[in-house]
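Residue numbering restarts at 1 for every chain, and letters A, B, ... go by the order of the sequence lines.
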2 protein chains.
Amino acid sequence: MQKVLLLGSTGSIGQSALNCIQRFSQRFKICALAAGSNCARLIDQIERFSPEAVYFADGNGLEVIKNRYGQRLKIFEGPDGLESLVNSIPCDIMINALVGAVGLRPTVAALKQKRRVALANKESLVIGGDYIRLLLSQGYGELIPVDSEHSAILQCLNGSSHSSIESIILTASGGPFRNLPDGQFSAITPDQALKHPTWAMGKKITIDSATLMNKGFELIEAHHLFNLSYDFLRVWVHPQSIIHSLVEFHDGAILAQLGLPDMELPIQYALSFPERYPMHGKRLSLPEIRSLDFAEPDMDKFPCLKTCIDAGKTGGTAPAAVNAANEIAVEAFLSGKIKFTDIAGITAYALRNHKPVPADSLEVIELADREIRKNILDSYLSESTR
Amino acid sequence: MQKVLLLGSTGSIGQSALNCIQRFSQRFKICALAAGSNCARLIDQIERFSPEAVYFADGNGLEVIKNRYGQRLKIFEGPDGLESLVNSIPCDIMINALVGAVGLRPTVAALKQKRRVALANKESLVIGGDYIRLLLSQGYGELIPVDSEHSAILQCLNGSSHSSIESIILTASGGPFRNLPDGQFSAITPDQALKHPTWAMGKKITIDSATLMNKGFELIEAHHLFNLSYDFLRVWVHPQSIIHSLVEFHDGAILAQLGLPDMELPIQYALSFPERYPMHGKRLSLPEIRSLDFAEPDMDKFPCLKTCIDAGKTGGTAPAAVNAANEIAVEAFLSGKIKFTDIAGITAYALRNHKPVPADSLEVIELADREIRKNILDSYLSESTR
């Protein structure tokens, strides 16, 4: 029986992970859950999965949880609560489905405890990739991607030697604005941007998919996960999201992983890797879908993609700066403070103005992150209205 | 340095194999060549690759070869010549690129010598699959497919456990008559049937692609190569021939192998397996191709596919009977004696009238083969004009 610690249990990935664990209740047991703000859902999950410990971020909900479970469960809270949870509750696998830079410390803590980390938190690698690779190279833990794209790549590689890889190609749905004329981007509303054509996901990542920032982050993740320079990483737009990514080998052969858009498969694969466990459900039929389309991404319409590649190539704390700026920008866009096109403006501005240093410790990364968050919005807005 | 014995060296696959061996002349050396009728090309190949031995089938050409190389090379000839060649010339890998049932005996001989057989000769498995699986299960030799479809499957499997496979899907271009209305099939001329939309191949296999008989044979091969019942083998029509085949696993994930239509890749992979050697050349770009299409095969328009599946399910000598009938029918069609639709008629007729027996020896298989060839055309024609 493998013990699973799940961070971000009430989100979209977290809930899929719990479905998966419930299906394999003879192999996996939840030892701890961590959630941010959905108190009712966390309570429901506590009842269903009887963890030893929980973390909850929101102050009001926390009191409810404490009153109800204070006697039976270890309850973690506060800014260091996630890290304490990971350090005190033993597990075999930690699923990190947190959203945002807050996911980095728990990833590092779990790796240092030599756990398998099933990573859905993109920011861990986007901002902490250099440091995490250092830990992995020193024999700390194991990192298995949960993103459908990186899971696809892992499945295509299936133990192939690194020297036989020529390139890795991530597919991108292109988001809801793939065919929108250039001039209409500044008028995009949050409601329009929250309608993703193929995947049902949380708000932050749905906006990141609409700007293609998400794909840029995934390139940075792929760079770290598969140890490949940016010159050998590519993006193909593929609106149907059926081919989840591809690996090109040095003999010209390409392997691709395909499936219906459903996160339960990559989550389950991260748990079962390198084996595969059975999963029932609807199967992909290409004759039913009839046609798969592909195009090069349009870097002019989607400058966030270019900003990410530039940040990745620059290295050090540059991706952390872009990520922090993007988190602030997406929040501001969703609350109606800035236009859709300002997201690209702010992130590019952050990269231009950030002086990167090597990202070789948590402190350095978090300092860069904090400094950007503090004043990026104000300084961008004051500069752009000047 | 690995010694390679190449059967069918002057055909399309044989020539590609030689290109590949020339590129890796520090890893592979040709020890023997066998060809059927193209004397000038064989002489050219002898000059380029300096084999120790050759086999040549055609009587006139054989005299030329003997006069020219009788002193320097071992020369094999006659009905048992191919088998003798395989039994007397040591090699590490035998590439069997012969066309037709004549390929079975050399495959069996090489396996009995515990060689790796890179198999492009479909008939070995179509008619001798049961017997070959018996040999392999007894530890004789190793069989690596060269067909682009089966090579794709091998690449997708890459060591995955058999129990995790849910189904195998072969793609079919659909041939030149995919969109031809039903009523026009009987008027198809050999010239029309010899124009394959995506692959440049020999005449026999091009006709088999036009009738989809080729895909039916490939299902029988896949059944034997990957030990899967016919209920778990499928065909998807895919006109662009870019996805060469797919494997569906029991968690719903599908892996596919993609590439430009070029036989050098699967030939090289059969030589390098399980490694991959580099190969230069044009790379596949899906954005350049733009769209991949898929459809279910139309069993009414292409009854040969159904006949093959039925023959495969019947087992024993039934596939040998269908194969022999098809060889006779294709020959008769190419020489203008029968209509295109008679190919399907003759093969279905052969299956209906054949009394299958277990295919557990070469003698039994060859007896079935001979009996069908002897009178299938006459008895079909006399029955159909009755």
Cut-off 4.5 Å, heavy atoms of chain B, and the answer for A/Ala256 is both

Part of A/Leu246 within contact of chain B (heavy atom distance under 4.5 Å): side chain

Tell me, side chain or backbone of B/Glu288 under 4.5 Å from chain A's heavy atoms, or both, or neither? neither

For A/Glu264, which atoms come within 4.5 Å of any heavy atom of chain B: side chain, backbone, both, or neither? neither

With a 4.5 angstrom heavy-atom cut-off, is it the side chain or the backbone of A/Glu275 that approaches chain B, or both, or neither? neither

Region of A/Leu157 that comes under 4.5 Å of a non-hydrogen atom in chain B: backbone

Hey, is the main chain of B/Gly259 close enough, under 3.5 Å, to the side chain of B/His244 for a donor-acceptor pair? yes

Counting heavy-atom pairs under 4.5 Å with chain B, which one of A/Met279, A/Arg276, A/Arg234, A/Glu166 comes out on top? A/Arg276

Find out whether the Lys NZ or Arg CZ of A/Arg27 is both under 6.0 angstrom from the six-membered ring centre of A/Tyr277 and within 45° of the ring's axis. yes

Smallest heavy-atom separation, B/His238 atom then B/Ile242 atom, equals NE2-N, 3.1 Å

Counting heavy-atom pairs under 4.5 Å with chain A, which one of B/Lys282, B/Gln268, B/His280, B/Glu248 comes out on top? B/Glu248

Which atoms of A/Leu292 come close to chain B, meaning under 4.5 Å heavy atom to heavy atom: side chain ones, backbone ones, both, or neither? both

Shorter than 4.5 Å, heavy atoms on both sides: which option in A/Ser161, A/Pro287, A/Pro274 has the most such pairs with chain B? A/Pro287

Short question: side chain of A/Asp92, backbone of A/Lys3 - any donor-acceptor pair under 3.5 Å? yes

Chain A contact via B/Leu265 - which portion, at a heavy-atom distance below 4.5 Å: side chain

Can you list the residues that meet the ring pair (Phe, Tyr, Trp, His ring centres under 6.0 Å) rule with A/Phe302, with sequence neighbours excluded? A/Phe185

Under 4.5 Å from a heavy atom of chain B, the part of A/Gln257 involved: both

Hey, is the main chain of A/Leu6 close enough, under 3.5 Å, to the side chain of A/Ser9 for a donor-acceptor pair? no

Counting only N and O atoms by type, is there a donor-acceptor contact under 3.5 Å from the side chain of B/Lys215 to the main-chain atoms of B/Thr171? yes

When you measure from the side chain of A/Asn158 to the backbone of B/Asn158, do you find a donor-acceptor pair of N or O atoms at a distance under 3.5 Å? yes

